[in-house]
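Here the structure comes first, spelled out in structure tokens, and everything after it is commentary.
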Protein chains: 2
Amino acid sequence: MAKLGEFELLVLLSILRQKDAPYANRVREDLEANADRRVTRGALYRTLDRLTEKGFLAWELDPSEVPERGGHPMRRLLVTEDGLAAVRQARDVLATFLDGVDLLPGET
Amino acid sequence: MAKLGEFELLVLLSILRQKDAPYANRVREDLEANADRRVTRGALYRTLDRLTEKGFLAWELDPSEVPERGGHPMRRLLVTEDGLAAVRQARDVLATFLDGVDLLPGET
DNA sequence: GCGCGTAGTATACTTTGTATTCTACGAGTG
DNA sequence: CACTCGTAGAATACAAAGTATACTACGCGC
């Protein structure tokens, strides 16, 4: 199974967090706000494409959620089973390594 | 501050785990064993170089730890303060996102 | 009907990650 | 003693992941 880059992982996690509104721009806002990282739309869509090619992500056009100010129909993002598995594995590896070390003070 | 890629993070964490023997090949073995990932020597050294350029890593030649079967003197790897800070930040971000989601079943 | 704001696409480019191949050197073995 | 084996490291070229820039599309409201 293809492995996840750092950003890819964050994107999948963010999608999973958006329980009721898994749309690209929600994810973008989430990442900018909580991961302290600039995310341009191009960057995000590129990543979504890659995740889709890998089979970690799927989407459907959402006809009900009409955007307030026009634009394309929004894509409702869905993490696949494979995607979930990949996230879990990445989490486990990270947990292992983070666990084995105390870089405690935590405050930057 | 430059950001950490996924592999870079793992490498720093692994170095921190090798409390008494922070050498490149220990790290390599650690990653292969615990991160379920093939790591060639070239790949690792390239990453170490990049981390050094970013100021996250330093090293000194270790004269005391003589290798058992020849080779170059080993480099004792040292994570810098900046490196530690970068790791902490990455950890915090990951924690935030992993926390907000329950992909629990955990078993693959 | 024109501009603004949102959603998505295309493309070019940079940074990160990986494989391959080379040098160096000590220990053991013939 | 020279040769090959195992370890450590360097150089190079290349692939994949990440990012920026600049586009199209469309609806709303002035």
Side-chain angles (χ1 to χ4, degrees), chain A residues 1-12 14-15 18 21-29 31-32 35-54 56-57 59-77 86 90 93, chain B residues 1-12 14-15 18 21-29 31-32 35-54 56-57 59-77 86 90 93:
Chain A
M1 161 131 35
K3 75 190 158 6
L4 285 176
E6 188 231 1
F7 188 52
E8 292 175 331
L9 173 60
L10 247 33
V11 167
L12 287 181
S14 179
I15 292 170
Q18 317 291 326
Y23 303 110
N25 278 331
R26 297 304 141 266
V27 168
R28 199 162 83 83
E29 288 158 12
L31 290 172
E32 296 223 328
D36 188 35
R37 166 204 288 262
R38 282 206 65 216
V39 180
T40 58
R41 238 162 315 123
L44 180 56
Y45 283 111
R46 209 95 228 346
T47 301
L48 294 177
D49 288 348
R50 246 180 289 118
L51 287 170
T52 303
E53 276 164 29
K54 290 187 189 170
F56 291 164
L57 188 63
W59 65 62
E60 52 191 21
L61 291 184
D62 197 329
S64 59
E65 295 277 354
V66 196
E68 318 204 335
R69 299 279 299 272
H72 291 291
M74 292 199 288
R75 310 199 304 204
R76 169 174 280 264
L77 304 169
V93 169
Chain B
M1 161 132 32
K3 76 190 156 7
L4 285 177
E6 188 231 1
F7 188 53
E8 293 176 329
L9 174 60
L10 247 32
V11 168
L12 287 181
S14 179
I15 293 170
Q18 318 291 326
Y23 302 111
N25 278 331
R26 298 304 140 267
V27 168
R28 200 163 82 84
E29 288 157 12
L31 291 172
E32 295 224 328
D36 187 35
R37 167 202 288 261
R38 282 207 64 217
V39 180
T40 58
R41 239 162 317 126
L44 180 57
Y45 282 112
R46 211 93 246 326
T47 302
L48 294 177
D49 287 349
R50 247 179 287 118
L51 287 170
T52 304
E53 277 164 29
K54 290 186 188 169
F56 291 165
L57 187 62
W59 68 61
E60 53 192 22
L61 292 184
D62 196 329
S64 58
E65 296 276 352
V66 196
E68 317 203 333
R69 296 283 298 273
H72 291 291
M74 294 199 288
R75 310 198 305 204
R76 169 175 280 265
L77 304 169
V93 169

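Every value quoted in this text rests on a predicted model; they were computed, and no experiment measured them. The figures here come from the full heavy-atom set of this structure, side chains too, leaving out hydrogens, waters and symmetry mates. Chain A is the first sequence line, chain B the second, and so forth, proteins listed ahead of strands; every chain is numbered from 1.
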Per atom distances to the B:M74 side chain, the nearest of D:dT19, D:dA16, D:dG9 is D:dG9
Discussion item. What contact category does B:G42 fall into here, base, sugar-phosphate, or nothing, at under 4.0 angstrom with non-hydrogen atoms?
Written reply: base
Heavy-atom donor-acceptor pair, A:R75 side-chain to C:dG8 base, under 3.5 Å: no
Check whether any side-chain nitrogen or oxygen of A:T47 sits under 4.0 Å from OP1 or OP2 of D:dG18, and answer yes or no. no
NZ of A:K3 to CD of B:E6, rounded to nearest 0.5 Å, is 7.0 Å
Decide if atom CG of A:D49 counts as having more than 12 heavy atoms of other residues, nucleotides or ligands within a radius under 6.0 Å.
yes
Of B:L44 and A:A24, the one whose closest nucleotide on DNA chain C sits nearer the 5' end is A:A24
It should be established whether B:N25 places a side-chain nitrogen or oxygen under 4.0 Å from OP1 or OP2 of nucleotide D:dT7.
no
| Check: B:R46 side chain, C:dG17 base, donor-acceptor under 3.5 Å | no
Of the candidates D:dA17, D:dG9, C:dG17, the side chain of A:R50 sits closest to D:dA17
Item checked: Phosphate contact (C:dT9 OP1 or OP2) by A:Y45 side-chain N/O below 4.0 Å -> no
- Please confirm whether the backbone N or O of A:V39 pairs with a side-chain atom of A:R28, one donor and one acceptor, at under 3.5 Å? yes
Taken to the nearest whole Å, NE2/B:H72 to P/D:dA8 is 11 Å
Original post:
Is the phosphate of D:dA8, meaning OP1 or OP2, less than 4.0 Å from a side-chain N or O of B:R76?
Top reply: no
| said: So A:F7, base contact, sugar-phosphate only, or nothing? Heavy-atom distance under 4.0 Å. | reply: sugar-phosphate
Here the distance between atom P of D:dA16 and atom CD of B:E6, to the nearest Å, is 16 Å
Side-chain atoms of B:K54 come closest, of C:dT16, D:dG18, D:dG9, to C:dT16
In whole angstroms, the gap separating P of D:dC26 from CG of A:L61 amounts to 13 Å
Worksheet entry | Stepwise salt bridge (Lys or Arg N to Asp or Glu O under 4.0 Å) test for A:R50 and A:E53 | CA-CA 5 Å; A:R50 246 180 289 118; A:E53 276 164 29; over 6 Å; no
note: A:D49, atom CG; D:dA17, atom C1'; distance rounded to Å ~ 13 Å
Worksheet item: Would you say the side-chain atoms of A:S14 pair up with the backbone N or O of A:L10, donor to acceptor, closer than 3.5 Å?
Response: no
In whole angstroms, the gap separating P of D:dG6 from CZ of B:R28 amounts to 14 Å
Sugar-phosphate only, base, or nothing, as touched by A:R37 at under 4.0 Å among non-hydrogen atoms
sugar-phosphate
Atom CG of B:L57 and atom P of D:dG9 are separated, to the nearest Å, by 12 Å
note: B:R41, atom CZ; C:dG17, atom C1'; distance rounded to Å ~ 17 Å
A:E29 atom CD is separated from C:dG5 atom C1', nearest whole Å, by 13 Å
CG (B:L51) and CZ (B:F7) are apart, to the nearest 0.5 Å, by 9.5 Å
